[in-house]
Amino acid sequence: MLDDNHKRKSLGRGLGALLGDDINFIRDENTVHQHGEENIVIEDLTPGSYQPRLDFDQEALEALSQSISEKGILQPLLVRQKNDGKYEIIAGERRYRAALMAGLKEVPVIVKKMDDREVLEVALVENLLRENLSAIEEAEGLQRLIDEFSHTQEALAQIVGKSRSHIANILRLLSLPASVRQMVRDGILTAGQVRPLVGLSEAENLAKKIAEKGLNARQAEALAAKAKQPPTEKKAGAKDGDLAEISSFITRRLGLKVKISAGGNGGGKVVLQYADSAELDKIVDILQQKSRLSDCSLSGLVTDDAE
């Protein structure tokens, strides 16, 4: 497992490859000056179209806004210039939002020429490093890199400094129902709690149960494992007799294969199997004979009553 220091170094190398050696993007927050930095009017900034983060914690933004009001923005935003002359944010949207709340007129930026693939890569890696994305946001960002820019899972593992298995496992979360993914977005459930639900038809109901009961990841895994097991047939008790013996008895009497299974509440089912149309006709003949016998019995009862 990668420790935090190794992750930070890996992410730094990924950004360095994307941004170039002229920008020391991962730096101490107390460092104010950086090569290539300039101030632009905040109204000329637009949020990034490739921002993987969709949910911004309001309380955290307010705290950052207060800090910006007192100390200013200590780390510039990374932007690229658009065709209309405005600037699209590549990294630093939280600082941009907090600066708006603080009423700043200008913000420090570094302008960098990047294509769409590089913008998404930097936005994703920057978020992974600075503030944990929800597992779903991370998965969606990674999936966009695959879908839109043909990245392989191996390449993504190199970029974000995580293992190939981590990339594969987190991408599987996207197959969960939308309601379950939203629970992860909202922080109600974690990736560890919902990962065992991948591929289960009743994932939504199980997710609600996990949340309601406050099950941890291990307990959620046990719940999912139980849901994957096929329903067990009720074992025949003394009242039911030996189902295998009964099945064998009917088979001998009818000359047909018979399967008997017990259900709940003393019920169950009997399945007659036929190999060809002749055996099917035999079943029909047996039922017709039983029906005629029943009719005769009823007729006799009616006659007796009439007398």
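Heavy-atom basis, side chains included; hydrogens, waters and symmetry copies ignored.
Within the model, atoms CG of Leu61 and CD1 of Ile68 stand 9.0 Å from one another, a figure rounded to the nearest 0.5 Å. Within the model, atoms OG of Ser65 and CD of Glu70 stand 10.0 Å from one another, a figure rounded to the nearest 0.5 Å. For the atom pair CG of Asn39 and NZ of Lys105, the computed distance is 15.0 Å after rounding to the nearest 0.5 Å. The CD1 atom of Ile73 lies 6.5 Å from the CD1 atom of Ile42; values are rounded to the nearest 0.5 Å. In this structure, the separation between CD on Glu62 and CZ on Arg97 is 13.5 Å, given to the nearest 0.5 Å. Taking CG from Leu77 and CD from Glu37, the interatomic distance works out to 10.0 Å, rounded to the nearest 0.5 Å.
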Exercise. Run the numbers on Arg144 and Glu140 for salt bridge (charged side-chain N to carboxylate O under 4.0 Å, His left out), then give the verdict.
Key: CA-CA 6 Å; Arg144 287 187 69 178; Glu140 289 174 341; over 6 Å; no
Practice problem: Kindly determine whether Lys162 and Glu138 satisfy salt bridge (charged side-chain N to carboxylate O under 4.0 Å, His left out), including the steps that lead there. | Solution: CA-CA 12 Å; Lys162 295 190 177 182; Glu138 181 183 353; 3.4 Å; yes
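Closest non-hydrogen pair, Gly214 versus Gln219, comes out as O-OE1, 4.3 Å. Considering every non-hydrogen atom in both Leu78 and Met114, the closest pair reads CD2-CE, 4.1 Å. The minimum heavy-atom distance between Ser69 and Ala102, with the atom names listed, is OG-CB, 3.3 Å. Contact between Ala157 and Arg164 at its shortest, heavy atoms only, is CB-N, 3.9 Å. Here the shortest heavy-atom pairing between Gln273 and Lys259 reads NE2-CB, 4.0 Å. The two atoms that bring Val79 and Ile89 nearest to each other are CG1-CA, 4.1 Å, heavy atoms only.
Side chains of Val109 and Glu38 form a contact here, defined as non-hydrogen atoms less than 4.5 Å apart. Under the 4.5 Å side-chain criterion, counting only non-hydrogen atoms from C-beta, Val107 is not in contact with Tyr96.
Under a 3.5 Å cut-off, the side chain of Thr190 and the backbone N or O of Val184 do not form any donor-acceptor pair. Put simply, the side chain of Asp84 gets close to the backbone of Lys86: a donor and an acceptor are under 3.5 Å apart. Judged purely by atom type and a 3.5 angstrom limit, Arg185 has no side-chain atom pairing as donor or acceptor with the backbone of Glu137.
Checked against salt bridge (Lys or Arg N to Asp or Glu O under 4.0 Å), Asp115 has the following partners two or more places apart in sequence or in another chain: Arg117.
Applying the salt bridge (Lys or Arg N to Asp or Glu O under 4.0 Å) test to residues at least two apart or on different chains, none of the pairs has a partner in residues 209-224.
Atom CD of Glu43 has 12 or fewer heavy atoms from other residues, nucleotides or ligands within 6.0 Å.
Between Glu154 and Gln158, the side chains place no donor N or O within less than 3.5 Å of an acceptor N or O (distance only, hydrogens not considered).
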Taking distance alone, no hydrogens or angles, what donor-acceptor pairs closer than 3.5 Å link side-chain atoms of residues 169-178 to residues at least two apart or in another chain?
unit_1, atom_1, unit_2, atom_2, d
Asn169, ND2, Ser165, O, 3.2
Ser175, OG, Arg172, O, 2.7

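Of the candidates Lys112, Lys82, Arg80, Lys113, Glu88 forms a salt bridge (charged side-chain N to carboxylate O under 4.0 Å, His left out) with just one, namely Arg80.
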